2 protein chains.
Amino acid sequence: MDLLLLFEIVGIVIALLAFMVALYFYFWVKKLPKGTADMENIGMMIKKGARAFLKREYKTLAGFVLVAAVLIFVFLPAPLWSENVDIKSKIAMTVAYIAGSVFSAIAGKIGIEVATIANVKTAVAAKTGIRKAFSAGFRGGAVMGMAVVGAALLGACLLLLIIPGSTNAVLGFSFGASTLALFAKAGGGIFTKTADISADLVGKVELGLEEDDPRNPAVIADNVGDNVGDVAGMGADLFDSNVAAIAAAVIIGSTLTGGSRVDMVLCYAGLGLLASILGVLMARMGKSEDPGRALNKSTYITTALYAILTAGASLLFKYDFRIWGATVVGLLVGVIVGLATDYFTNDAKKPVRHVAKASQSGPAFTILSGISYGFMSALPALIGIGISAAAAYYLCYPIGGADPAACTQYAMFGIAMAALGMLSIVGMIVSNDAYGPIVDNSRGLAEMGGLGEDVIRITDELDSAGNTVKAITKGFAIGAAGLTVIALLAAFMEVAEAANASFAGKFTGFDIMNPLVFFGLLVGLGIPALFSAMLIMGVDRNAQRMVNEIHRQFDEIPGLKEGKPGVVPEYEKCIDIAARGALKELVPAGLMAIVSTLVVGFAGSLISEFGGIYALGGFLAGNIVSGLLLALFMSNAGGTWDNAKKYIESGNFGGKGSPAHKAAVTGDTVGDPFKDTAGPSLNTQITVVSLVANLTAGIFIVISTMLF
Amino acid sequence: MDLLLLFEIVGIVIALLAFMVALYFYFWVKKLPKGTADMENIGMMIKKGARAFLKREYKTLAGFVLVAAVLIFVFLPAPLWSENVDIKSKIAMTVAYIAGSVFSAIAGKIGIEVATIANVKTAVAAKTGIRKAFSAGFRGGAVMGMAVVGAALLGACLLLLIIPGSTNAVLGFSFGASTLALFAKAGGGIFTKTADISADLVGKVELGLEEDDPRNPAVIADNVGDNVGDVAGMGADLFDSNVAAIAAAVIIGSTLTGGSRVDMVLCYAGLGLLASILGVLMARMGKSEDPGRALNKSTYITTALYAILTAGASLLFKYDFRIWGATVVGLLVGVIVGLATDYFTNDAKKPVRHVAKASQSGPAFTILSGISYGFMSALPALIGIGISAAAAYYLCYPIGGADPAACTQYAMFGIAMAALGMLSIVGMIVSNDAYGPIVDNSRGLAEMGGLGEDVIRITDELDSAGNTVKAITKGFAIGAAGLTVIALLAAFMEVAEAANASFAGKFTGFDIMNPLVFFGLLVGLGIPALFSAMLIMGVDRNAQRMVNEIHRQFDEIPGLKEGKPGVVPEYEKCIDIAARGALKELVPAGLMAIVSTLVVGFAGSLISEFGGIYALGGFLAGNIVSGLLLALFMSNAGGTWDNAKKYIESGNFGGKGSPAHKAAVTGDTVGDPFKDTAGPSLNTQITVVSLVANLTAGIFIVISTMLF
């Protein structure tokens with residue numbers, strides 16, 4: 001039997017298995033005991049708010065997806081009016097694009113639905129002890145984990161099965177996933193931080209209310225934000241990274257000298273999902289364990305399982321072990337980047353404590369020290385990514401034998417497989433990550449539902465474990481994005497080559513000393529900074545609107561401030577403001593990223609033969625490196641500030657209410673859009689830009705060959 | 001007569017002319033009327049403080065320079081134990097290195113000496129009107145302007161005259177200038193911001209004192225800081241850029257196919273200084289002019305003069321007009337980058353006003369909006385630099401004729417000449433820039449000397465003009481640094497080629513897809529961030545020490561807080577803390593930048609043939625782009641915060657003492673080390689790293705050819 005066919009089918013089977021596990025967890029969570037009427041009521045409000053936002057967001061995006069689908073049909077892979085136009089390939093690409101965005105939307109939707117059930121169940125389960133509550137939170141998150149990775153693998157396998165050899169369709173699928181992720185991540189990020197910041201500003205800073213005080217009109221919006229930002233947005237993000245890694249590996253793997261290795265890509269991706277399924281099923285808290293250790297343990301188990309399974313498969317199917325080595329390198333680097341992140345954001349380490357201490361001298365020092373640590377944190381991760389890319393390259397280079405061109409292809413394939421290795425255990429990672437907002441929500445529900453100190457203490461413990469593992473998972477996400485986009489850069493060359501037969505002979509590589517490459521590099525460098533600025537300003541503007549609304553409610557609703565029984569704020573109005581503002585602010589930033597790519601490619605095409613390709617290559621590289629730098633800086637600075645605030649709140653340097661605490665709250669507020677809006681959106685932004693370049697390479701070659 | 005010899009002599013003559021103008025201005029300023037006894041007394045304290053710091057700084061640096069000189073002698077251009085070692089060339093390089101650092105130190109020293117006279121004279125002159133005061137401030141600054149550029153040209157011409165064809169000696173000269181600039185800029189930056197921040201924190205924020213209140217123990221240190229940071233540091237910085245631009249142009253120009261063009265480099269550099277001399281001599285305030293316009297007018301006059309003079313020379317000596325075009329492109333881009341900077345930091349434009357408005361919602365919003373505008377501001381400047389580099393490249397490419405290799409050489413020469421064009425009017429720019437701290441100081445002296453409201457108003461007006469022109473001059477400085485390092489990257493290739501005959505045939509360019517280039521790119525990317533973080537943390541730590549000292553003085557000196565007549569704080573103690581801390585903090589950051597370059601080159605050399613060159617090429621590119629991005633971000637964000645604070649202080653959004661003002665002060669405090677310590681030091685950092693790579697390229701080639 002053909003190995004490719006075999007692994008297409010195996011992939012589909014494993015994906016279906018993942019869906020079954022997701023269903024099982026869904027019903028397992030659903031069967032857990034109900035909460036009090038109050039809690040169910042609040043839980044329902046959160047669910048309704050999240051649903052309303054998602055509906056509105058998807059409506060906006062549907063329009064965008066339709067327009068993009070039409071453009072794809074008309075222009076890709078070659079304009080409709082070019083000779084020998086291949087209508088079938090056009091239809092495949094367009095349908096794949098739509099499928100990518102729909103799959104992504106569904107995965108997000110599923111995540112939200114179960115997360116907004118699991119939050120209540122976790123809070124109730126906490127009454128009977130921490131272990132049960134842990135399982136409720138984790139399995140709730142795992143539903144999305146399984147759905148996300150299952151959908152990615154299912155989509156890729158189905159496409160390759162139905163349209164054999166169509167790398168364009170896989171690219172289209174990946175682009176669909178990316179555009180949706182870009183908007184979901186940015187939109188959700190703006191929503192959640194709008195609500196979080198304004199709830200804190202008026203509630204905590206002005207009125208001295210506790211976190212999650214039900215009198216605060218923004219408190220439900222804040223909880224909704226956790227779901228739409230962290231659950232749905234993050235699900236879309238990792239769905240996108242996963243699909244992009246598969247796409248890059250498929251594109252490079254399909255053109256290797258000595259035969260396609262797409263079967264191997266699907267084999268490894270399938271085994272990664274299998275390892276995740278097993279890891280997720282085995283995850284539970286031991287009797288004397290803390291929840292953080294339980295989460296990390298299942299990550300390590302999954303990683304080991306993946307390494308063993310793929311080694312076995314390589315032995316069985318005689319795959320080159322050098323490529324296996326490359327994927328293992330990817331895994332290791334994920335862990336290293338995670339550990340580096342952990343150092344800068346863990347409150348037992350120097351950076352967080354130093355920032356907390358500096359806060360005693362006022363907010364300026366909170367900011368300066370946090371920014372400094374954020375700047376510092378970039379280097380170890382960048383070195384890690386650099387070493388892993390180089391290691392994967394050199395490991396796989398010799399496979400090509402005597403032919404340098406073949407060697408380079410295998411080297412690039414090695415980098416793509418390293419990225420795939422990092423993302424292989426993404427099912428586990430999404431589960432861990434979605435666990436965070438669920439237990440965060442359950443803490444709020446326990447507070448609002450009056451479940452007592454013990455339950456709040458348990459949910460607090462679960463919550464803090466979520467924050468700790470976040471460091472590792474974020475390390476994986478950023479590292480994987482870095483390797484994936486390097487692979488996409490290599491794929492970009494393949495695509496350009498395929499688009500023009502004379503290209504390979506004339507193309508001189510992306511030499512930094514080529515003025516168009518350098519020009520692209522400089523422009524690409526500025527885009528992630530501008531993109532981040534637009535998102536941060538969006539949060540800023542939106543939060544101003546919401547603060548006004550909260551003030552209005554406290555002024556106009558009699559008895560609200562005093563907490564008169566029966567007086568309830570108008571929660572929906574705040575949700576509405578957050579949602580409407582988020583949608584308004586996300587579109588320009590997303591469009592800017594896409595349009596600037598096209599402009600650079602077009603401008604380059606006018607200058608010289610293949611000028612568009614040179615300029616775009618530089619642009620991609622600039623965009624990647626600056627995106628990585630800023631993403632690491634912002635995520636880690638934000639994490640440091642967050643934990644410095646918590647460290648002070650736990651009684652250090654004067655504790656809650658002290659001047660140091662006030663300064664730390666300022667730091668945390670600055671860090672919020674850093675770490676939850678701009679930072680993580682950059683991952684998606686660099687993927688989208690890389691895919692746009694891949695998709696449009698052919699067009700720019702056509703333009704410049706017409707001119708030169 | 002040989003053109004090269006001619007322009008070496010002409011260069012020396014023009015340099016001597018510049019020194020004469022500097023002397024003339026020095027005595028002109030010195031002859032101006034004296035101030036009151038109080039003012040002379042304070043002025044003397046500032047002078048003494050600045051001298052003491054400089055002495056201490058130069059002592060520390062002398063040790064460093066000596067060690068580096070020994071290392072240079074032993075290892076460069078080839079190790080002492082290699083075959084056919086050329087002792088003469090070693091001596092030339094070592095002496096040139098020492099000369100570069102000594103020239104730089106002398107230029108800084110001269111600047112400080114005259115600036116600490118001119119500050120008093122300007123304050124006194126303000127009693128007789130603004131025009132006289134303007135001339136006093138400007139001519140005081142011009143002394144350093146002339147000294148800096150004269151020294152640069154004199155050094156380069158002398159070296160080329162004495163050791164014909166020795167590009168290595170010019171490189172050594174440039175490296176000497178750079179290392180000194182790195183430490184002078186970073187050390188001065190830490191000193192000045194330590195004093196500024198702690199004076200503000202205790203004086204303004206805690207005790208509600210005015211700026212420059214003589215009761216504040218840190219007030220003299222603050223004034224000393226203006227001189228050692230802005231005058232001496234900035235002088236060293238631009239001396240370094242100027243020499244580096246000449247060095248890059250000389251290296252590339254000496255290896256051109258079709259004959260050396262070093263004569264042209266010296267011709268253009270000499271005419272640039274001549275244009276600056278004329279521009280500086282003509283600068284004065286018209287009767288109805290404001291000082292800002294007067295400063296900008298002389299900049300434009302100098303620019304026009306330079307363009308005309310070089311066009312004439314090109315006609316006369318039959319230089320290719322395409323190269324002339326490249327230098328003019330450089331000039332234009334300097335103006336464009338300056339205008340972009342102006343938009344983001346001018347209080348009549350949206351960004352500053354928006355940040356001021358956002359401050360009403362608290363310091364977190366001041367920070368978020370300022371960071372956003374800082375991020376945004378990078379793109380236009382990066383596009384400007386990218387376009388100018390590409391334009392210079394394409395303009396000069398055809399000069400090479402049918403030979404692509406020759407074409408590329410001329411294209412690179414074009415970029416180097418564009419950088420030189422930008423820096424040609426540096427004499428004017430230094431004069432403008434040094435004017436700023438002088439009038440800033442004179443304002444403080446007028447306040448402390450009790451010269452009355454009218455004089456303070458005049459010095460305020462002069463000061464604000466200084467801030468406005470700063471935008472343009474900073475644009476030139478950053479743009480020029482960008483182009484210079486691109487040229488140094490090209491020079492790096494030439495140097496590597498010269499070091500190994502087989503190199504040219506095997507070297508495949510700095511292709512981004514080469515794993516070592518990419519690895520270097522990623523590591524290089526992280527270095528400016530780490531460097532900035534180290535400097536900012538240095539200011540942070542040092543300011544903490546100084547705040548403690550100020551508190552101690554207010555607590556322990558009876559009558560100080562109340563302003564009892566005759567009670568004077570212990571100013572020297574604060575100066576001492578600032579100086580000692582600055583020296584302690586600057587060394588690790590500077591060494592880190594240099595050592596990381598060597599480590600990357602060494603690691604690369606172990607991996608493959610010419611691996612060190614590939615890794616270093618990527619490292620340089622990463623370092624350049626990230627340095628530019630962060631320098632633009634930090635300088636502009638800092639400028640925006642500074643002016644937002646001033647905008648509020650002038651009565652908007654509640655004015656002085658309002659909550660918005662308090663938030664804006666936090667923003668300004670964060671911005672201080674951004675714009676005056678880390679941001680401008682990055683310019684020098686990227687130059688130093690580029691020069692280190694250029695100097696050590698030969699060694700890494702030796703290592704890797706031994707291994708492979």
Side-chain angles (χ1 to χ4, degrees), chain A residues 201 205 358 361-365 367-369 371-373 375-376 378-379 382-383 385-387 389-390 393-394 411-412 486 489-490 493 508-513 515-519 521-523 525-527 529-530 532-533 536-537 540 544 547 617 621-622 625-626 629 633 666 669-670 673, chain B residues 201 205 358 361-365 367-369 371-373 375-376 378-379 382-383 385-387 389-390 393-394 411-412 486 489-490 493 508-513 515-519 521-523 525-527 529-530 532-533 536-537 540 544 547 617 621-622 625-626 629 633 666 669-670 673:
Chain A
L201 260 187
V205 179
S361 314
F365 291 93
I367 302 294
L368 283 172
S369 54
I371 287 181
S372 299
Y373 282 117
F375 276 156
M376 284 185 189
L379 188 62
L382 289 170
I383 292 178
I385 297 172
I387 289 182
Y393 185 100
Y394 285 115
M412 290 299 159
I486 299 173
L489 189 57
M493 276 172 60
T508 53
F510 297 121
D511 193 323
I512 295 168
M513 306 309 295
L516 284 176
V517 173
F518 197 83
F519 169 76
L521 189 68
L522 286 178
V523 178
L525 200 69
I527 299 298
L530 178 56
S532 307
I536 294 173
M537 302 276 274
D540 185 350
Q544 306 276 1
V547 164
V625 296
S626 134
L629 178 70
F633 159 56
T666 299
T669 310
V670 171
Chain B
L201 260 187
V205 178
S361 313
F365 291 93
I367 303 293
L368 283 172
S369 54
I371 287 182
S372 300
Y373 282 116
F375 276 156
M376 284 186 189
L379 189 61
L382 289 171
I383 293 178
I385 297 171
I387 289 182
Y393 184 101
Y394 286 116
M412 290 300 159
I486 299 173
L489 188 57
M493 275 171 60
T508 55
F510 297 121
D511 193 323
I512 295 170
M513 305 309 296
L516 285 176
V517 173
F518 197 83
F519 169 75
L521 189 67
L522 286 177
V523 179
L525 199 68
I527 299 299
L530 178 56
S532 306
I536 294 173
M537 302 275 274
D540 185 348
Q544 305 278 0
V547 164
V625 296
S626 136
L629 179 68
F633 159 57
T666 299
T669 309
V670 172

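Chain letters run A, B, ... following the sequence lines, proteins first, then strands; residues in each count from 1. As the structure is a computational prediction, the values presented were derived from the model and not from experiment.
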Heavy atoms only, distances under 4.5 angstrom: which of [options] has the most pairs with chain A? Name it, please.
| options | result |
| --- | --- |
| B/I385, B/L629, B/I383, B/V517 | B/L629 |
| B/L379, B/D511, B/L201 | B/D511 |
| B/A411, B/G622, B/S361, B/S626 | B/S361 |
| B/G526, B/G386, B/P515 | B/P515 |

Under a 4.5 Å heavy-atom cutoff, which of [options] has the most pairs with chain B?
| options | value |
| --- | --- |
| A/D540, A/I527, A/V523, A/L530 | A/D540 |
| A/F518, A/F510, A/Y394, A/F633 | A/F510 |
| A/T669, A/I512, A/T666 | A/I512 |

What's the shortest heavy-atom distance between [X] and [Y], and which atoms?
| X | Y | value |
| --- | --- | --- |
| B/M412 | B/Y393 | CE-CE1, 3.8 Å |
| A/I486 | B/M513 | O-CE, 4.3 Å |
| A/P673 | B/L368 | CG-CD2, 3.7 Å |

What part of [X] gets closer than 4.5 Å to chain B, counting heavy atoms only: side chain, backbone, both or neither?
| X | result |
| --- | --- |
| A/A490 | both |
| A/I387 | both |
| A/L521 | side chain |

A/F365: partners by ring pair (Phe, Tyr, Trp, His ring centres under 6.0 Å), with sequence neighbours left out: none

Which portion of B/V547 sits near chain A, non-hydrogen atoms under 4.5 angstrom: neither

